Structures are given as structure tokens and as C-alpha cells.
Amino acid sequence: MPGAVPSLAVASSALGDRAGAAALAERLALPFLGVVKPRQVSEFDLLLFADDHGLALQATGKGAPGPVRVDFAGGKAGYRREHGGGTGQLVARAVGLQKTRARLHVLDATAGLGQDAFVLAGLGCQMTLFERSPIIHALLADGLARGLLNPTTSDIVARMTLHEGSSIDWLMAAGGEVADVIYLDPMFPHRDKSAAVKKEMQLFRPVVGDDDDAPALLAAALAAATYRVVVKRPRKAPSIEGPEPATRLEGKSSRYDIYSIKALPQG
């Protein structure tokens with residue numbers, strides 16, 4: 001049924017961390033299937049699957065696409081680390097890294113898979129990450145743990161601190177300025193069935209849902225950021241309900257709405 005929440009369990013491959021997977025299942029109150037082959041599982045739609053490469057979100061059944069996991073050393077993150085363009089990247093320009101020599105503290109309030117946070121950490125930012133989905137948090141925590149063990153990424157990942165739970169609640173409770181820049185990338189209720197949808201979004205959207213409280217998150221961020229709030233949006237999407245951004249940076253498929261509070265420090 002369209003819109004139905006997918007059924008989810010935890011499992012392991014023969015080479016995966018079976019004990020760790022069992023502990024994760026208990027913590028998340030999910031069924032633990034033990035050692036299985038995902039394409040032979042029919043009673044659950046998705047698995048949090050521990051294999052020899054770490055933890056992944058894996059669709060089940062015949063013909064299921066491959067797993068989605070956090071990998072900071074290889075894949076897209078590894079390529080961006082080596083060839084990303086430094087502070088000329090749109091996300092870096094939006095945060096303001098071309099305008100300051102100061103080492104900024106950036107709070108990523110909707111961390112997801114941590115891709116943008118990793119880029120900013122690689123450019124010297126001290127990153128605080130929040131992820132409220134327990135499923136996505138588990139994937140990101142696993143990727144960060146592996147990243148700390150890899151000599152090519154350990155220095156970068158050491159600048160990334162992950163928290164679980166609602167960033168809105170934390171920002172409202174913290175009071176005052178908690179970070180130089182607050183970065184938001186809320187899930188947008190995209191309904192265009194004809195557009196190509198990334199594999200991770202196909203898996204994540206039914207699990208995470210849309211961020212209907214984005215206006216409350218923006219308001220909390222504006223009250224807690226020192227210099228600016230940056231919101232990533234689909235290029236043609238409306239701005240989040242609230243004040244108009246001071247400026248925008250547009251890319252091919254996305255844009256950054258920038259809410260300036262005061263000028264960034266020069267050094």
C-alpha cells in the first residue's frame with residue numbers, strides 16, 4: 001500500500017558482527033533474524049544488515065538493490081575528499097568558508113548519512129551532528145566508527161561528534177548561541193514519481209518520512225546560531241515557512257538558502 005511504513009528487522013551475514021547486530025536489535029526493539037541472506041528474506045521489507053563491511057540498510061527479496069551504508073573512505077565521500085574543490089564547493093560557500101579564516105563550529109541539525117558534514121569537517125570545521133531517526137543514526141554511527149579506524153579519514157572524522165535525538169528539542173533547551181553556523185537539510189516532501197530517485201532516498205523516505213516540522217526547526221536554529229543558518233533545498237522548492245533568506249546559492253539540482261545573522265569573523 002502506498003505510504004505504508006516498511007517492516008524492518010536486523011540481521012547479519014556469516015562474516016558480520018552478529019553479536020553487535022543482536023545488541024542493536026535489542027536497543028531498537030526490532031526483530032533479530034540471525035545470519036541470513038537478504039534476498040531470501042520475504043517477511044520483512046528492509047534489514048539493518050551487518051556484514052564484513054559494516055552496517056547497511058538493505059532491501060530484501062529477489063532483485064533487491066544493493067545495500068546503502070556510510071562509507072567516508074570510498075565511494076562518493078572519498079571522491080569528494082580528493083577532488084571536491086575545497087572551499088569552492090557550494091556547501092562550503094554557503095557556510096561561509098571563503099569569507100573567514102576562523103575555524104567554524106557548524107551544527108548539522110539533520111545529519112542523515114553525514115555527507116555534507118564530512119565535507120565541512122574535511123575543510124577544517126568542528127562539526128556537531130544530530131540525527132533523530134534511530135535507523136539512520138545507527139548507520140551514521142557505524143560509518144563514523146569505521147572512519148576513525150581508517151588512516152585516510154580519521155583526522156576528519158575526529159572533528160565530527162554525533163548525537164541522537166531531536167535537534168529542535170536540543171536547540172530550544174540549550175538557549176543562546178550554540179554554534180557559529182547551523183546547517184539544515186530537512187527531508188522535502190518530493191512527489192515527482194517520474195524523476196530518478198537516488199537509491200538511498202528510495203530506502204530512507206518510507207523509514208524516515210517527511211520533516212513536517214521544518215518551520216519549527218528553522219525558528220529554533222535562527223535563535224541559536226551566532227552568524228548564519230544555511231538550509232539546503234531542492235533547487236525549485238519553496239523556502240521553508242518563516243523569514244525570507246538573505247541570499248541564495250543555486251546548483252544544478254539543489255540550492256542553499258542563507259539566513260544571515262551577523263558578519264562572519266575574519267580570523
Side-chain angles (χ1 to χ4, degrees), residues 15-17 19-21 23-24 27-28 48-58 66-97 100-167 170-171 178-185 198-200 203-204 208 225 230 232:
L15 298 177
D17 180 5
L24 178 64
R27 182 169 69 82
L28 298 180
L48 271 175
F49 190 66
D51 60 18
D52 51 329
H53 298 292
L55 188 68
L57 189 63
Q58 170 72 64
V68 171
R69 73 179 82 245
V70 176
D71 179 12
F72 292 123
K76 184 190 301 183
Y79 184 87
R80 286 184 74 180
R81 185 183 75 250
E82 296 179 3
H83 310 286
T87 58
Q89 297 175 81
L90 275 181
V91 64
R93 290 169 54 198
V95 167
L97 297 188
T100 181
R101 293 183 179 180
R103 178 163 292 186
L104 297 178
H105 173 206
V106 180
L107 189 152
D108 186 341
T110 54
L113 294 180
Q115 294 170 347
D116 287 337
F118 182 73
V119 169
L120 295 173
L123 296 172
C125 295
Q126 191 67 40
M127 301 297 303
T128 299
L129 288 70
F130 275 87
E131 177 50 53
R132 65 180 174 183
S133 164
I135 306 303
I136 308 306
H137 178 273
L139 293 171
L140 182 51
D142 176 76
L144 289 169
R146 286 184 283 106
L148 277 174
L149 297 176
N150 190 310
T152 66
T153 58
S154 59
D155 289 349
I156 299 174
V157 173
R159 291 192 285 273
M160 302 169 68
T161 302
L162 176 62
H163 300 272
E164 184 175 6
S166 169
S167 56
W170 189 87
L171 289 170
V178 300
D180 296 322
V181 178
I182 297 180
Y183 181 76
L184 313 178
D185 184 10
K198 291 181 180 179
K199 179 174 65 175
E200 55 262 32
L203 295 181
F204 290 171
V208 177
V230 176
K232 186 176 182 179

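Nothing here was measured: the structure is a model prediction, and the numbers come from that model.
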Practice task
With side-chain contact (heavy atoms from CB on, under 4.5 Å) as the test, would you mind laying out the steps for Val181 and Val230 before giving the verdict?
Solution key: CA-CA 7 Å; Val181 178; Val230 176; 4.1 Å; yes
For the pair [X] (side chain) and [Y] (backbone), establish whether a donor and an acceptor sit closer than 3.5 Å, ignoring hydrogens and angles.
X      : Y      : result
Thr110 : Asp185 : yes
Thr87  : Ala92  : no
Gln89  : Val91  : no

Practice task
Please lay out, stage by stage, how Leu48 and Leu28 fare under the test side-chain contact (heavy atoms from CB on, under 4.5 Å).
Solution key: CA-CA 11 Å; Leu48 271 175; Leu28 298 180; 3.7 Å; yes
Interatomic spacing from [atom1] in [X] to [atom2] in [Y] - rounded to 0.5 Å:
X      : Y      : atom1 : atom2 : answer
Arg103 : Cys125 : CZ    : SG    : 8.5 Å
Leu120 : Ile156 : CG    : CD1   : 11.0 Å
Asp180 : Leu107 : CG    : CG    : 10.5 Å
Leu90  : Asp116 : CG    : CG    : 10.5 Å
Met127 : Leu162 : CE    : CG    : 11.0 Å
Ser166 : Leu171 : OG    : CG    : 8.0 Å

On a heavy-atom basis, which atom in [X] and which in [Y] lie closest, and how many Å separate them?
X      : Y      : value
Leu55  : Leu24  : CD2-CD2, 3.7 Å
Met160 : Ala121 : CG-CB, 3.7 Å
Ile182 : Ala109 : CG2-CB, 4.4 Å

Practice task
Scan residues 141-152 for pairs that pass side-chain hydrogen bond (donor to acceptor under 3.5 Å, both in side chains), counting only residues two or more places apart or in two chains.
Solution key: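 Non-adjacent pairs meeting side-chain hydrogen bond (donor to acceptor under 3.5 Å, both in side chains): Asp142-Arg146, Asn150-Thr152.
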Problem - Step-by-step side-chain contact (heavy atoms from CB on, under 4.5 Å) determination, Asp51 to Arg69 - result: CA-CA 11 Å; Asp51 60 18; Arg69 73 179 82 245; 2.9 Å; yes
Practice task
Anything under 30° is parallel, anything over 60° is perpendicular, the rest tilted; go ahead and classify Phe130 against Trp170.
Solution key: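 The rings of Phe130 and Trp170 sit tilted, inter-plane angle from 30° to 60°.
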Exercise for the section: Could you tell me which residues satisfy salt bridge (Lys or Arg N to Asp or Glu O under 4.0 Å) with Asp108, sequence neighbours excluded, listed by chain and number? Expected result: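 Asp108 satisfies salt bridge (Lys or Arg N to Asp or Glu O under 4.0 Å) with no other residue.
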Handout entry: Counterpart residues, salt bridge (Lys or Arg N to Asp or Glu O under 4.0 Å), relative to Asp17 (two or more places apart)
Key =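 Testing Asp17 for salt bridge (Lys or Arg N to Asp or Glu O under 4.0 Å), a comparison that skips the adjacent residues, returns none.
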Exercise for the section: Would you indicate whether the side-chain heavy atoms of Phe72 and Gln115 approach each other to under 4.5 Å? Expected result: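 Sidechains of Phe72 and Gln115: no contact.
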Practice task
State, yes or no, whether a side-chain contact exists between Leu57 and Ile135 at a heavy-atom distance under 4.5 Å.
Solution key: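 With C-beta onward as the side chain, the pair touches.
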Practice task
Can you sort out the partners of His137 under side-chain hydrogen bond (donor to acceptor under 3.5 Å, both in side chains), two or more places apart, ordered by chain and number?
Solution key: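 side-chain hydrogen bond (donor to acceptor under 3.5 Å, both in side chains) list for His137, sorted by chain: empty.
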Exercise for the section: Apply side-chain hydrogen bond (donor to acceptor under 3.5 Å, both in side chains) to Thr128 and list each qualifying residue two or more places apart in sequence or on a separate chain. Expected result: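 With neighbours one apart ignored, the set is His105.
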Problem - Residue pairs passing the salt bridge (charged side-chain N to carboxylate O under 4.0 Å, His left out) test where at least one lies in residues 151-164, sequence neighbours excluded - result: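 Output for this query lists Arg27-Glu164.
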Exercise for the section: Evaluate the side-chain contact (heavy atoms from CB on, under 4.5 Å) criterion for residues Phe118 and Val70: first the C-alpha distance (whole Å), next the side-chain angles of each, then the deciding distance (0.1 Å), finally the verdict. Expected result: CA-CA 11 Å; Phe118 182 73; Val70 176; over 6 Å; no
